[in-house]
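Naming: A, B, ... by sequence-line order, numbering from 1 per chain.
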Number of protein chains: 2
Amino acid sequence: MNSTSLGGLTISAVERETGLSKDVLRVWERRYGFPAPLRTAAGERLYPEEQLAKLKLVRRLMDAGMRPGRILSMSFESLNGLVRGSDSEVSADSALDGALALLKAHRGAELRSAFHHAILHDGLFRFLTDMATPLAIRVGNAWMRGDIRIFEEHLFTEQLTATLRAAMPQDSGTGRPPRVLLTTLPGEQHGLGLLMAEATLRLEGAQSISLGPQTPVGDIAAACLANRSDVVALSFSANFPQNQLTGAVGMLRAALPAETALWCGGAGVVHARRIPDGVARMTGLQEIRNEVAAWRAARTERGAQQ
Amino acid sequence: MNSTSLGGLTISAVERETGLSKDVLRVWERRYGFPAPLRTAAGERLYPEEQLAKLKLVRRLMDAGMRPGRILSMSFESLNGLVRGSDSEVSADSALDGALALLKAHRGAELRSAFHHAILHDGLFRFLTDMATPLAIRVGNAWMRGDIRIFEEHLFTEQLTATLRAAMPQDSGTGRPPRVLLTTLPGEQHGLGLLMAEATLRLEGAQSISLGPQTPVGDIAAACLANRSDVVALSFSANFPQNQLTGAVGMLRAALPAETALWCGGAGVVHARRIPDGVARMTGLQEIRNEVAAWRAARTERGAQQ
DNA sequence: TCAAGTGATTTGTCTAGGACAAAATGAATT
DNA sequence: AATTCATTTTGTCCTAGACAAATCACTTGA
């Protein structure tokens with residue numbers, strides 16, 4: 001039952017650990033000869049730890065845009081070199097370096113204090129743009145290169161989430177328009193962008209309501225109607241499957257009333273090929289502020305005309 | 001691509017919505033004649049919404065201990081009766097009813113105020129046991145029965161999460177042992193249980209560190225070593241795939257040092273078939289308190305002997 | 001020079017039914 | 001009551017083929 005005691009992992013365990021489906025694991029074996037698991041007496045696949053490690057590297061490189069046919073035949077060491085060489089950071093920012101050092105030393109509480117201090121010192125919005133965002137990018141890159149481990153990335157996310165939720169401005173019903181409905185689509189793994197967008201909107205005095213991550217398209221539309229939202233805002237991380245993006249956003253655009261604005265933001269939307277008509281794309285938190293201002297200006301104007 | 005426009009959902013979509021694996025969906029169809037999806041021109045399964053609804057009911061009843069062979073042949077209405085009968089919500093708790101009414105009226109801010117007020121009135125622990133937990137169960141049941149929409153469940157989760165994170169006791173390095181590492185396994189969708197467990201541990205004065213949800217087994221073990229944790233605590237929602245539970249927990253138990261305790265809690269663990277040796281199962285927040293006390297007692301005793 | 005096709009290739013997911021391991025049930029025994 | 005054992009039920013894994021969707025490599029037209 002316990003896989004490590006048997007000298008390998010079952011295909012279910014590998015699916016859980018790597019996020020690669022059983023179908024993919026089997027078809028890669030058939031097509032590319034890797035992975036090449038051992039077999040139990042009953043003929044079931046048994047993956048050694050080394051193959052699991054290589055599969056995790058492959059997974060990382062594929063998230064960075066590589067294709068399995070190219071990289072599955074390479075050795076573990078070559079893949080490691082690829083991951084390391086993929087990008088380098090030369091910019092030396094002392095605050096960011098300090099935070100990264102705390103993270104690598106697993107000093108979660110101190111990391112949180114550093115965040116808190118930065119918010120008090122520079123204000124929440126500057127913290128978001130000058131510290132949280134670049135730090136998240138660095139952590140993501142470091143994870144891709146294998147410089148930090150997954151649990152360290154989790155620790156970072158958790159501390160930043162806790163900090164942001166504690167610092168989140170409460171609107172307590174006093175917010176002005178627009179009423180914004182915030183969420184992510186199903187399949188989106190990261191909720192940090194959502195929180196940062198929510199904080200920015202609240203700072204602008206907008207009435208923003210978050211549904212949290214992973215709301216199906218039909219339910220976003222239903223929530224928008226129930227909430228009488230002026231704007232629906234979606235957050236996309238770099239990992240979000242690009243193929244789903246255009247289709248799902250188009251579906252949502254069609255399901256929403258024409259007068260409801262649809263805003264998309266986050267790293268996943270920067271490199272998106274095409275965005276459907278009637279959908280705004282914003283590549284940074286500053287653009288949220290601009291868009292809120294533009295929305296208010298347009299509404300005032302129209303209100304004056306009517 | 002769009003599932004609803006095709007008049008049904010693909011097998012992947014049903015797997016995602018119900019948590020039933022593709023293999024199970026196909027073998028049920030073969031053995032019991034249900035589900036009986038339509039087919040696309042290419043011969044691929046296309047599940048109508050009604051069958052999805054029935055599958056969700058079946059899933060819920062199986063979580064309550066029923067077996068597929070018994071219930072798959074029953075009608076949607078009969079199953080609905082079973083679900084209604086199974087959970088006795090005769091208890092009319094005015095606070096819970098009030099909160100549920102606020103949720104159904106989409107008054108998120110007021111719901112949050114109600115939570116906040118309850119915490120101030122009864123204390124955080126009583127709030128968790130007497131309000132948050134039963135309310136989460138009611139919301140889950142109502143969702144399964146179709147009495148509330150998914151976005152309403154999201155709204156509930158988001159408001160409760162925000163409340164808990166704001167009310168979370170900070171340990172700021174002053175915590176006493178045990179040092180607890182909190183997370184969930186990959187595949188776990190819900191993070192509320194984790195937050196509630198974290199709050200309980202902090203109330204006990206324990207040094208608890210959360211990695212957030214969905215940490216792979218290998219990385220949990222690495223984090224445990226790096227953090228020198230005394231205890232690793234996992235949270236399982238009712239939706240967590242039962243088949244994976246035993247295997248993954250067994251793997252983790254094997255990967256952790258023998259002196260590190262492993263605690264599993266949450267609705268997903270209540271009906272678990274078997275828990276590996278050396279793993280504690282706790283079915284409520286109170287048990288966390290007991291277990292912390294027991295851990296401290298054992299440690300003092302051993303310390304005195306040595 | 002860049003945008004928009006077009007065909008070829010790559011890649012992921014689906015299908016079928018058989019096989020069997022693990023768990024639950026029920027009956028017989030201590 | 002608690003244990004054992006056989007029987008049923010149930011979930012997972014297997015193979016290998018098929019094909020849809022995404023991407024690449026290339027051409028065409030503005």
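- For B:R39 and C:dA16, the CZ to C1' distance is 10 Å, given to the nearest whole Å.
- Rounded to an integer number of Å, the gap from CZ of B:R45 to P of C:dT13 is 16 Å.
- In terms of modelled atom types and a separation under 3.5 Å, the side chain of A:E17 and the main chain of A:A13 share no donor-acceptor contact.
- Listed pair A:S21 / C:dT13 meets the phosphate criterion, a side-chain N or O lying under 4.0 Å from OP1 or OP2.
- Here B:S12 reaches the OP1 or OP2 of C:dC14: one of its side-chain N or O atoms lies under 4.0 Å away.
- Considering every non-hydrogen atom in both A:H190 and A:T184, the closest pair reads O-CG2, 4.4 Å.
- B:M66 places its CE atom 18 Å from the P atom of D:dT9, with the value rounded to the nearest Å.
- Regarding B:L9, its CG atom lies at a distance of 17 Å from the P atom of C:dT13, rounded to whole Å.
- Remark: B:A136 pairs with B:F156 by the side chain to side chain contact (heavy atoms under 4.5 Å, CB included) rule, at least two apart or across chains.
- For B:H154, the side chain to side chain contact (heavy atoms under 4.5 Å, CB included) partners at least two apart in sequence or on another chain are A:L211, A:T215, B:I150.
- Of the side-chain N and O atoms in B:K22, one or more sit less than 4.0 angstrom from OP1 or OP2 of C:dC14.
- Residues B:V14 and B:L55 have side chains in contact (heavy-atom distance under 4.5 Å, counting atoms from C-beta outward).
- Overall bending of the helix from C:dT1-D:dA30 to C:dT30-D:dA1, expressed as the angle between end axes built from five pairs apiece, is 40° (10° steps).
- A donor-acceptor pair is defined here as one N or O able to donate and one able to accept, closer than 3.5 Å; no such pair exists between the side chain of B:T260 and the backbone of B:L256.
- Listed for the A:Q51 side chain is no donor-acceptor partner under 3.5 Å among the backbone atoms of A:P48.
- Each of C:dT15, D:dT9, C:dT11 was ranked by its minimum atom distance to the side chain of B:R67; first place goes to D:dT9.
- Counting to the nearest Å, the P atom of C:dA16 and the CD atom of B:E44 are 10 Å from each other.
- Along DNA chain D, the nucleotide nearest A:G43 and the nucleotide nearest B:G69 are compared for position; the residue whose nucleotide lies closer to the 5' end is B:G69.
- With distances taken from any side-chain atom of A:I11 to the nucleotides D:dC13, C:dT15, C:dT13, the minimum falls on D:dC13.
- By the side chain to side chain contact (heavy atoms under 4.5 Å, CB included) test, A:R45 pairs with A:I11, A:R26, A:E29, A:P37, A:R39, A:Y47, sequence neighbours left out.
- Listed by residue number, B:D23, B:V24, B:V27, B:W28, B:R31, B:Y32 are the residues of residues 23-32 of chain B with a heavy-atom contact under 4.0 Å to DNA chain D.
- Summarising the geometry, the separation between CG on A:L46 and P on C:dA21 is reported as 14 Å, rounded to the nearest angstrom.
- Here B:S73 pairs with nothing under the side chain to side chain contact (heavy atoms under 4.5 Å, CB included) rule; sequence neighbours left out.
- In this structure, A:R70 does not reach the C:dT9 phosphate: none of its side-chain N or O atoms is under 4.0 Å from OP1 or OP2.
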